[in-house]
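Each remark here refers to the structure printed beneath this line.
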Amino acid sequence: MTITTPDTPHAQPLLDWYDRHHRDLPWRVTPAMAARGVKPDPYRVWLSEVMLQQTTVQVVKPYFERFLTRWPEVTDLASAESDAVMAAWAGLGYYARARNLKKCAEAVAKEHGGIFPDTEAGLKALPGIGDYTAAAVAAIAFNRRAAVMDGNVERVISRLHAIETSLPAAKPVMKDKVALMTPADRPGDFAQAMMDLGATICTPKRPACSLCLFRGSCQALKLSDPELFPVKAAKKEKPVRHGAAFIAVTGDGEILLRRRAESGLLGGMTEVPTTAWTARIDGETSVTAAPFEAAWLACGTVIHVFTHFELRLSIWRAAIAAKPTLNDGVNDEWWEPVTNLEAQALPTIMKKAIAAAIPLAFKTSKA
DNA sequence: AAGACGGGGTG
DNA sequence: CACCCAGTCTT
């Protein structure tokens with residue numbers, strides 16, 4: 001968003017607050033570091049922002065460190081094996097992000113000489129970079145006066161102005177307010193300060209208004225109840241789907257795995273053979289839908305909640321004496337040593353399914 | 001404009 | 001349990 005209006009009196013007090021209260025995060029150039037001449041690395045800013053899409057700071061931290069150690073620069077990521085990137089992303093969710101991360105790295109390496117575009121428009125043209133990430137990278141990495149608005153900022157703005165219009169309809173108005181506030185000096189720190197404020201003070205539940213530097217000008221606090229903002233459209237309930245998953249293990253300790261389709265749910269990730277996931281329980285077909293005849297043993301049910309439905313997966317296990325012939329000509333399934341499961345691109349639901357059949361398959365019981 | 005798309009942290 | 005998170009892409 002092009003900003004032509006001057007910043008409001010909110011900006012400087014927020015920057016002062018940020019200098020005193022900012023969080024020290026692995027991808028962040030703190031004000032103290034900036035004073036020593038440290039410049040933000042666009043690759044790190046971009047990588048962190050993509051990981052942070054709909055994902056909390058705490059969850060992202062270890063993934064960010066592992067990615068940076070393994071692929072220190074965008075060109076390293078561009079030349080990496082896709083399977084390795086997907087396996088490293090496993091557990092973070094929204095796997096289209098990982099596929100687009102790889103595409104974006106390749107585009108930067110091949111079409112931009114390994115240098116990230118330094119404008120909002122140039123960034124937004126890249127895979128996996130939308131309104132938020134383009135503005136965030138432009139502001140934080142390139143000091144551009146871009147209006148950065150994420151869920152945290154939406155909450156702060158909606159309370160500051162007591163915006164009664166519900167989300168997402170209110171987004172354009174809220175973005176105008178952010179643009180009005182964003183200063184020409186230190187726009188990146190301003191954006192991070194707004195997000196820090198939303199994450200630590202202006203929280204969804206029980207906000208710490210007494211500690212907020214905007215307590216004197218917050219319209220929601222003055223006129224109403226900050227916790228009632230932002231107003232959101234009513235959400236619909238999640239349907240339940242059912243299916244069965246089959247864990248086949250040979251005497252040599254190998255398990256049958258397959259690769260999911262490139263697009264769609266868990267696209268490009270690894271799974272154990274499963275039935276289709278349907279609305280109705282079909283008990284009779286559960287075992288007969290197994291990949292092959294075997295003495296399948298029931299291992300209970302795993303429940304996993306996705307964004308738009310809940311999945312109840314019946315788990316079946318069988319000890320295989322001799323490897324059955326896999327589907328003729330279909331090369332998307334293979335036998336993998338159970339000892340090598342950690343290196344696979346297994347999403348959390350699949351780790352839970354395998355763990356239900358083979359309790360010691362993974363180091364952590366949670367996965 | 002609405003739906004698809006994960007998983008974990010938090011109260 | 002519900003809610004929410006440094007959103008993006010497709011239809």
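Predicted model, so just to flag it, every value in this text is computed and none were measured.
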message: Tell me the interatomic distance from A/I303, atom CD1, to C/dA2, atom P, rounded to whole angstroms.
response: 13 Å
Could you write out each protein N or O paired with an N or O of nucleotides 9-11 of chain C at a distance under 3.5 Å?
residue : atom : partner : partner atom : Å
C/dC9   : OP1  : A/G128  : N            : 2.6

- prompt: Among the nucleotides C/dA6, B/dC5, B/dG7, which one has an atom lying closest to any side-chain atom of A/D150?
  reply: C/dA6
- prompt: Between B/dG8, B/dG6, C/dA6, which nucleotide gets closest to the side-chain atoms of A/R97?
  reply: B/dG6
- request: Could you tell me the separation between the CD atom of A/E310 and the P atom of B/dC5, rounded to a whole number of Å?
  value: 17 Å
task: Would you mind classifying the nucleic acid contact of A/I140 as base, sugar-phosphate or nothing, using non-hydrogen atoms under 4.0 angstrom?
output: nothing
query: Does A/T348 put a side-chain nitrogen or oxygen below 4.0 Å from OP1 or OP2 of B/dG7?
result: yes
- request: Identify, with sequence neighbours excluded, every residue that meets salt bridge (charged side-chain N to carboxylate O under 4.0 Å, His left out) alongside A/K323.
  value: A/E254
query: A/L197 CG to C/dC5 P: how many Å, rounded?
result: 14 Å
Short heteroatom pairs, N/O only, protein and nucleotides 2-4 of chain B, under 3.5 Å:
residue : atom : partner : partner atom : Å
B/dG3   : OP1  : A/K236  : NZ           : 2.7
B/dG3   : OP2  : A/K236  : NZ           : 3.3

- prompt: Atom NZ of A/K238 and atom C1' of B/dG6: how far apart are they, to the nearest Å?
  reply: 10 Å
query: Tell me, which pairs form a salt bridge (charged side-chain N to carboxylate O under 4.0 Å, His left out) where one or both residues lie in residues 91-106 of chain A, sequence neighbours left out?
result: A/K102-A/E106
- request: Look at all strands and tell whether A/T133 reaches a base, only sugar-phosphate, or nothing, counting heavy atoms closer than 4.0 Å.
  value: sugar-phosphate
- prompt: If you look at every strand shown and take non-hydrogen atoms under 4.0 Å, does A/G267 touch a base, only sugar-phosphate, or nothing?
  reply: nothing
task: Send over the distance from A/W89 CH2 to B/dC5 P, rounded to a whole Å.
output: 18 Å
- request: For DNA chain B, find the residues of residues 51-62 of chain A with a heavy-atom distance under 4.0 Å and give them by number; none if there aren't any.
  value: A/Q54, A/T55, A/Q58, A/V59
- prompt: Rounded to the Å, how far apart are A/L92 CG and C/dA6 P?
  reply: 14 Å
message: Students often mix this up, so state it plainly: with edges at 30° and 60°, are the rings of A/H22 and A/Y18 parallel, tilted or perpendicular?
response: tilted
query: The side chain of A/K232 lies closest to which of these nucleotides: C/dA6, B/dG6, C/dC5?
result: C/dC5
message: For residues 190-202 of chain A, which residue pairs pass the salt bridge (charged side-chain N to carboxylate O under 4.0 Å, His left out) check, not counting sequence neighbours?
response: A/R23-A/D196, A/R28-A/D196
Contact list for residues 156-166 of chain A, test side-chain hydrogen bond (donor to acceptor under 3.5 Å, both in side chains), sequence neighbours left out: none
- request: Sort and list the pairs that fulfil salt bridge (charged side-chain N to carboxylate O under 4.0 Å, His left out) and have at least one residue in residues 207-233 of chain A, not counting sequence neighbours.
  value: none
- request: Using the P atom as the reference point in each nucleotide, state the distance between B/dG6 and C/dT11 in Å, no decimals.
  value: 15 Å
- prompt: Salt bridge check: are A/D150 and A/R155 linked by an N-O gap of less than 4.0 Å?
  reply: no
- request: Between C/dA6, B/dG6, C/dC4, spot the one nearest the side chain of A/Y95, thanks.
  value: B/dG6
field: Nearest-angstrom distance, P atom, B/dA4 to C/dA6
entry: 24 Å
task: Mind checking side-chain contact (heavy atoms from CB on, under 4.5 Å) for A/K238 and listing every partner two or more places apart, or none if nothing turns up?
output: A/V305
task: Please determine, by modelled atom types, if A/E73 and A/W71 share a side-chain donor-acceptor pair under 3.5 angstrom.
output: no
- prompt: Taking only residues at least two apart or on different chains, which pairs with a member in residues 29-40 of chain A satisfy salt bridge (charged side-chain N to carboxylate O under 4.0 Å, His left out)?
  reply: none
- request: Could you check whether A/W27 gets within reach of a base, just the sugar-phosphate, or nothing at all, counting any heavy atom under 4.0 Å?
  value: base
message: Looking only at the side chains, is there a donor atom on one of A/Y132 and A/Q53 sitting less than 3.5 Å from an acceptor on the other?
response: no
task: Quick one: name the residues clustered hydrophobically with A/L228, using the 4.5 Å side-chain heavy-atom rule over I, L, V, M, F, W, Y, and just say none if it's on its own.
output: A/F229, A/V231
query: How do A/F309 and A/R206 order along DNA chain B: which one's closest nucleotide is nearer the 5' end?
result: A/F309
query: Looking for any heavy atom pair under 4.0 Å, which part of the strands does A/R23 touch: base, sugar-phosphate only, or nothing?
result: base
Which atom pairs, donor and acceptor, lie under 3.5 Å between side-chain atoms of residues 77-88 of chain A and protein residues at least two apart or in another chain?
residue : atom : partner : partner atom : Å
A/S79   : OG   : A/T75   : O            : 3.1
A/S79   : OG   : A/D76   : O            : 3.3
A/D83   : OD1  : A/R259  : NH2          : 2.4
A/D83   : OD2  : A/R259  : NH2          : 3.4

- request: Rounded to whole angstrom, note down the C1' distance from C/dT8 over to B/dG9.
  value: 22 Å
message: Does atom CD (A/E293) have a neighbourhood of more than 12 heavy atoms from anything else shown, all under 6.0 Å?
response: no
- prompt: Should A/H304 be listed as having a side-chain N or O under 4.0 Å from OP1 or OP2 of B/dG7?
  reply: yes
message: So, under a plain 3.5 Å distance rule, would you say the side chain of A/Y132 forms a donor-acceptor pair with the base of C/dG7?
response: no
Contact nearer the 5' end of DNA chain C, comparing A/K205 with A/M195: A/K205
task: Can you tell me the distance, in whole Å, between the CG atom of A/D196 and the C1' atom of C/dC5?
output: 14 Å
- prompt: Within this structure, what is the CG-to-P distance between A/L167 and C/dC3, rounded to whole angstrom?
  reply: 15 Å
